[in-house]
Amino acid sequence: MSLSPDEIRQILAALEKSEWDEALITVGDTSIALSRNGASLPVATGMPVAAPPAPAPPPVTPAAPALAPVPAPQPVVEQPPTAVGTAPDGIAVTSPTVGIFWRAPQPGAPPFVEVGSAVEAGDTLCIVEVMKLMNNVTAPVSGVVGAIHVPNSGAVEFGQTLVTIVPAAG
Amino acid sequence: MSLSPDEIRQILAALEKSEWDEALITVGDTSIALSRNGASLPVATGMPVAAPPAPAPPPVTPAAPALAPVPAPQPVVEQPPTAVGTAPDGIAVTSPTVGIFWRAPQPGAPPFVEVGSAVEAGDTLCIVEVMKLMNNVTAPVSGVVGAIHVPNSGAVEFGQTLVTIVPAAG
Amino acid sequence: MRRVLIANRGEIAARVARACFDEGLETVLACSEADRETLAARLADRVVVIGPPSPLESYLSVERVVAAALTTDCDALHPGYGFLSERPELAAACEENGITFIGPPADVMRGSGDKLKAREMAADLGIPTGGGTRGLADAEEAVALAEELDLYPCLIKASAGGGGRGMTIVRSADDLRASFARSSQEAERAFGDGTVYLERYVERARHVEVQVLADTHGNVVHLGERDCSTQRRYQKLIEEAPAVGLPDAVRDGMRDSAVRLARALGYVSAGTVEFLVDTDRNEFVFLELNARVQVEHPVTEMVTGVDVVREQIRVARGEPLSVAQPGITVSGHAIECRINAESPRRDFLPSPGRVERWTAPQGHGVRVDTFVENGATISPYYDSMVAKLIVHAPDRAAAIDLMLRALARTEVRGIETTIPFHAAVLGTERFRESPVTTRWVENEFLPAWLEGGE
Amino acid sequence: MRRVLIANRGEIAARVARACFDEGLETVLACSEADRETLAARLADRVVVIGPPSPLESYLSVERVVAAALTTDCDALHPGYGFLSERPELAAACEENGITFIGPPADVMRGSGDKLKAREMAADLGIPTGGGTRGLADAEEAVALAEELDLYPCLIKASAGGGGRGMTIVRSADDLRASFARSSQEAERAFGDGTVYLERYVERARHVEVQVLADTHGNVVHLGERDCSTQRRYQKLIEEAPAVGLPDAVRDGMRDSAVRLARALGYVSAGTVEFLVDTDRNEFVFLELNARVQVEHPVTEMVTGVDVVREQIRVARGEPLSVAQPGITVSGHAIECRINAESPRRDFLPSPGRVERWTAPQGHGVRVDTFVENGATISPYYDSMVAKLIVHAPDRAAAIDLMLRALARTEVRGIETTIPFHAAVLGTERFRESPVTTRWVENEFLPAWLEGGE
């Protein structure tokens, strides 16, 4: 999809009235990059053309291509630049190996964590078994378990996302 | 998809009235790059990536990927020409066909042009013969012959640069 | 012969480059600007760009092609198929300029290229031609002759061309009056010659063709026949060798007719004699002789072990054929699927574009003729063929199974292709049980398949 | 057998996928994260990523490889060559987990993998082993035995491994004292076992090896021999089949010895028995048995028509070999060049990187085993092999000519390769006239070539 010239004009007007020195907007195959007051142009990290063919499931949460999938211009303008790139959905914890995913230390035992559990960095989240080798997977940051992506005893690949942690604020 | 010239004119008008010093707009395969007040032209890092691997000798003057397919020149004219990516070494005149390059209308006759000759747009520069078919190659702009790239009676390919014209100032 | 100009593109250009490599010949690819980085260009020893992507200013320009051969010191030229391959002007221009044309001489091509003349010659030799008319002046002459010969239903056909262009089925005088002018105009546009004629239309027919090879020493052989009945709108989609389920008399009759016709025409090089087999009456009629290597030549190569393109080169060098009729045997069964960049569920709408990923199956009895690779572009300027997938197995059932596995292992990302269509056709009992007729895909298979969703 | 886990990468993974396709088996590639988009991955029916690029955490992890097979329901596993292919632990783990290991059983592998034991067995069978020592405790024991057996010049060799690692030529007791510890440490590092022994060093030798196949029904055959004398620092660069210029007694002696040894070891699957031929004395000595399919197996396939990898699969399924000794003939001559991503003029410095363009020659008698395609990456994590270029022609001279043409038509953009080296070697009179010895490349060819500039 593309923006119409009229839509681009609206975007430009909105941007001009804003206080930003740089802007980069990509909608489908349309992109707009702007700068002023001597700021260098924010040349297109987000332009999809520039990206190499993305290998399937990325090992970590993608840091969100700058402003890429934004459908309406206004919110972009009003968003603080720091918001750009922080994934709202949390930190993906991936499997250190191919193997079998276990949520509990042994059959019948309660699971290490549930969705909503608060965890400290270093807490065990789950186990990935390779043959009889048990690999503890621990939380990289403190926070809350946002999602568990694999059913108990499911087969997992190296790099596959197992658990998402929403980091504690601060 | 591409923007029509009229759509581009609208966009340029909007930009001109704006306070931006640099702008880069891409819609499908159309892109617009602008700058003013001494800012360097934001020639898109993001864009050439989208282009296919550049085939050797380009068929037409590489008149800057930026404004290439735009037929409506007005807003561009207001820019300093150097900023628009005009090649400083002149306009490359390329062969319209595979064939044999002839500098004169017939053996023994004086060549159409020499390096340094002044030419008007439309003047014959050389001939490319395909079998017995003679194809006149004419100057696309007025100027001075900067270089002749092929020896008389040399074989040429389609798209090969034959002559460079340094356009007349103005 | 030392250096061959390949005046074509795509998979056939790569195929010709391979044959030249085998024969120890250098190659120059004459291509359009769109094709300078393609696989065929890189397989060739050298590339010369002859014009812009538009075929009229590149692959269809006799002058540019011959100029390319002359400027690159080629002493021979292979035209592939399509484009200029059957244009006597190219063969003649090569002859005039001292370039060996790898194909029939211009005068032979003129004789075989005029379908009406070829049909007369066939009739003179006692080869069934199914009646039909001479070239027609206007609709009224057509109506009168159709009446006189009791031809309905019949086909209006272009004298100068093939591929279904200008071809229309008519079932009555009114039909004929309504369609005559359009067919003639279509023929004029496509071939530069608006001459059309009428031919009896066979409702349930198979398209069977015989591959012949002829040298300049008077040797003419056939390499057995191919069945190309799996068509849609006269476009071949799946080809097989041999044609199964034919009475011996019909098969032998076609093979013998093909050789006799080639001999009578003084034919030289590789050629294909096409027949229609009426499956109700078990009779064949001659259709036309194609004076070029054909898209589907690999199935014949797989079952006979004879390299058709190398034989073309041998013949052009003045050498005798490397094979004689008694030494040629047809063993096993071969099938070719034309993988096109088309959307079979959307009326075979072309789907040009960039092929992000291409993975062809590798295995014994699997041959892939293609110009596609990772990152290749299927250009909207040219035909939609992506690849020819060819399999060879001990019998037809095994060949179908192998092709189904090969199709399942062919991966194309970035464009749509006809792979799902091929897999569905080969998966039907009807196709597996018995040879199909030329209208089966359109009248029976496609309606059921499109209805069925998956 | 229904689904095979391919526990390898690169060209051999693609080669195994092809054999599985031929045998009607599904495939799962167990690969590192670096290889998930490679050709081998796309040729397989499924991919499972077992670890990061580092081989220790992926291709060299028995646990991960077996876990990958179990989690993807594979009932068989092919280890390729290198990595875990000759590790009895993998074969044993497969056996324990009900996975058919496509290769020799663990206990057979242990027997053949210990070079000293294999040499003893050979000596017991009357196969020449060239003398040499048992495993040595320390440098002084080595010096004493070398004196006693009059072994100088001799080689220090690792008992557990191959590929030249740990191997050193020593010409005196001082030499031996100076090198012993380093060789032992190198062996320990490379194979986890520092045991070394001494073997007489032959100054002018050819490396000749016999391909054997053995099934579980007691059938053992050989597929003739290969000459792999064109080496640099014990790394094979060019391999040929058959080995030419050998007296019949030597050739037959090696073939017979190979079969007898395999039989005595209870060998199963494909294996290679390596010999050194002393070209001055026309004698051979047994070196070792490699219990895997080897890089150079294609030259044997080309001259015999036997598919070594498919035979491995047949044997693993418990079927008898598809061929018997009387039906195996060696016809013509085949050569393989290993195209590596190395700069031959800069001491074969590895040149990993992205292959911008890859064009392999196409033609009769030309086979290209590779995982490379446009845009492929030669990863610094793994070996530098880009492709194996294999040709087959009626005789050695024709094979050399064909290889030279094939090398000239192989295009690799983006990385440096050993292609110029191969073309230069094949272009020398010395290589063409007669088989070379194992030191020829280093001692004669390279100095002259590097001196010569281009």
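Below, read A as the first sequence line, B as the second, and so on, with proteins coming before strands; counting in each chain starts at 1. Predicted model only: the values in this text are computed from it and were never measured.
Summarising the geometry, atom CZ belonging to Arg405(D) is positioned 10.5 Å from atom CD belonging to Glu26(C); distances are rounded to the nearest 0.5 Å. Taken to the nearest 0.5 Å, the CD atom of Glu37(C) stands 9.5 Å off from the CG atom of Asn374(D).
The part of Asp307(D) that comes within reach of chain C is its side chain, from C-beta onward, which places non-hydrogen atoms under 4.5 angstrom from that chain. Heavy-atom distances place the backbone of Ala44(C), and not its side chain, under 4.5 Å from chain D. Proximity to chain C is absent for every atom of Ala408(D), based on heavy atoms less than 4.5 angstrom apart. For chain C, the nearby part of Arg310(D) is the side chain; its heavy atoms alone come within less than 4.5 Å. The contact between Ala360(C) and chain D is made entirely by backbone atoms, counting heavy-atom distances below 4.5 Å.
At least one test fails for Arg409(C) against the ring of Phe21(D): distance under 6.0 Å to the centre or angle within 45° of the axis.
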Going through the distances and angles, do Leu39(C) and Gln362(D) end up as a side chain to side chain contact (heavy atoms under 4.5 Å, CB included)? CA-CA 11 Å; Leu39(C) 179 62; Gln362(D) 300 185 353; 4.3 Å; yes
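More than 12 heavy atoms of other residues, nucleotides or ligands lie within 6.0 Å of OH in Tyr382(C), so this atom counts as buried by the packing criterion. The 12-atom threshold is exceeded at CZ of Phe431(C), counting heavy atoms of other residues, nucleotides or ligands nearer than 6.0 Å.
A donor-acceptor pair under 3.5 Å is formed between the side chain of Asp22(C) and the backbone N or O of His364(D). In this structure a side-chain-to-backbone donor-acceptor pair under 3.5 Å is present from Arg42(C) to Trp358(D).
For the set Cys20(D), Gly24(D), Ala19(D), the count of heavy-atom pairs under 4.5 angstrom toward chain C peaks at Gly24(D).
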